[in-house]
*Asks:* 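Please find one structure pasted underneath; my questions will follow.
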Protein chains: 2
Amino acid sequence: MTRPSVTALDTLFGALADPTRRLLVERLLTNGPATATALAETTPLTRQAVLKHLQVLEAAGLMEHERCGREVRFRVTPQPLASAVAWILDTAGQWDRRLDRLRKLTS
Amino acid sequence: MTRPSVTALDTLFGALADPTRRLLVERLLTNGPATATALAETTPLTRQAVLKHLQVLEAAGLMEHERCGREVRFRVTPQPLASAVAWILDTAGQWDRRLDRLRKLTS
DNA sequence: GCTTTGTGCAACTAACTAGTTGCAGATGGT
DNA sequence: ACCATCTGCAACTAGTTAGTTGCACAAAGC
């Protein structure tokens, strides 16, 4: 076993490990795209703190930003979540029959 | 949006965020239970480093250890992974049809 | 009983993370 | 042109994490 390199799964699971970030994802999915400033207003955190979280999510491939005039709107791009599910199913699938059934359905 | 508290999902996703830990999970799933010492031999890391990783995994509910004489054997308990998949499906399921299909099958 | 092998605990370092503040620059409204 | 508002960047702090070393303790084997 060689020392593993940092992969997309690292940053992906790492991004999901923070409850604030998961909340941001949920918010943006249900309410649609928003700016860091707007999101920060619904939060005890600073705009910068929220922005950093959004950037972490973006680095994980879960976000995308678009400039509109002086605003920067963030939107969720959930595709990478499929990789996370894939790892779980591939790994634990050999163990758990129920998950294994699901794995077959995704391929 | 109140400041979110630390939940099981935090430690779970956090545990999965490290490539070494994912490797340990894979190893133990395919090769069966093993001790920290044995696992460390297949790794550039120290026994203590490996042990810490195993303890992180155990805190996330993904491991269980059992004492056998002077050895301590670790085994994977993958049940919590279902929560991770559940969050992903519940959250992104409303967005992605393919994941949504899966969500219905798990309920 | 002695040696080997495996575990447990503690202290320590280096690097990273979450969050802050402060300020400068850009854009839009009037 | 001016003011309000939104973004961008940088510096800084406090806490956490990954990993190490060193040593003491426990269990097997001979």
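A, B, ... follow the sequence lines: proteins, then strands. Residue 1 opens every chain. These numbers come from the heavy atoms of this one structure, side chains and all, not from hydrogens, waters or symmetry mates.
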*Asks:* Counting N and O atoms only, with roles assigned by atom type, does the side chain of B/R67 sit under 3.5 Å from a partner on the main chain of B/G69, one being a donor and the other an acceptor?
*Replies:* yes
*Asks:* Write out all pairs satisfying ring pair (Phe, Tyr, Trp, His ring centres under 6.0 Å) with one or both partners inside residues 56-81 of chain A, taking only residues at least two apart or from two chains.
*Replies:* A/H65-A/F74
*Asks:* Figure out the CZ/P separation between A/R47 and D/dG8, and round it to whole Å.
*Replies:* 8 Å
*Asks:* Given atom CG of B/L24 and atom C1' of D/dG19, what is their separation to the nearest angstrom?
*Replies:* 14 Å
*Asks:* Any donor and acceptor pair, going by atom type alone, linking the side chain of A/T20 with main-chain N or O of A/V50 inside 3.5 Å?
*Replies:* no
*Asks:* Just N and O in the side chain of B/H53: are any of them under 4.0 Å from OP1 or OP2 of D/dT17?
*Replies:* no
*Asks:* Should A/H53 and A/T43 be marked as a side chain to side chain contact (heavy atoms under 4.5 Å, CB included) after you check the CA-CA gap, both sets of side-chain angles, and the distance that decides it?
*Replies:* CA-CA 12 Å; A/H53 282 302; A/T43 271; over 6 Å; no
*Asks:* Which residues within residues 54-73 of chain A lie with some heavy atom under 4.0 Å of an atom in DNA chain D?
*Replies:* A/R67, A/R70, A/E71, A/V72
*Asks:* Does any N or O in the side chain of A/T91 come within less than 3.5 Å of the main-chain N or O of A/I88, such that one atom is a donor and the other an acceptor?
*Replies:* no
*Asks:* Would B/V25 and B/M63 count as a side chain to side chain contact (heavy atoms under 4.5 Å, CB included) if you check the C-alpha gap in whole Å, the side-chain angles of each, and the deciding distance to 0.1 Å?
*Replies:* CA-CA 9 Å; B/V25 168; B/M63 286 282 166; 4.2 Å; yes
*Asks:* Between A/T46 (side chain) and A/A49 (backbone), is there a donor-acceptor pair under 3.5 Å?
*Replies:* no
*Asks:* Is a side-chain donor or acceptor of B/R21 paired with a backbone partner of B/L16 at a separation under 3.5 angstrom?
*Replies:* no
*Asks:* Could you list, one pair per line, each protein nitrogen or oxygen that sits under 3.5 Å from a nitrogen or oxygen of nucleotides 10-17 of chain C, together with the distance?
*Replies:*
none

*Asks:* Report the distance from atom CZ of A/R22 to atom P of C/dA18, rounded to the nearest whole Å.
*Replies:* 12 Å
*Asks:* Assign each of A/G14 and B/L51 to its nearest nucleotide of DNA chain C by heavy atoms, then name whichever residue's nucleotide is nearer the 5' end.
*Replies:* B/L51
*Asks:* If the cut-off is 4.0 Å, is A/T46 near the phosphate of C/dG19, judged by side-chain N/O to OP1 or OP2?
*Replies:* no
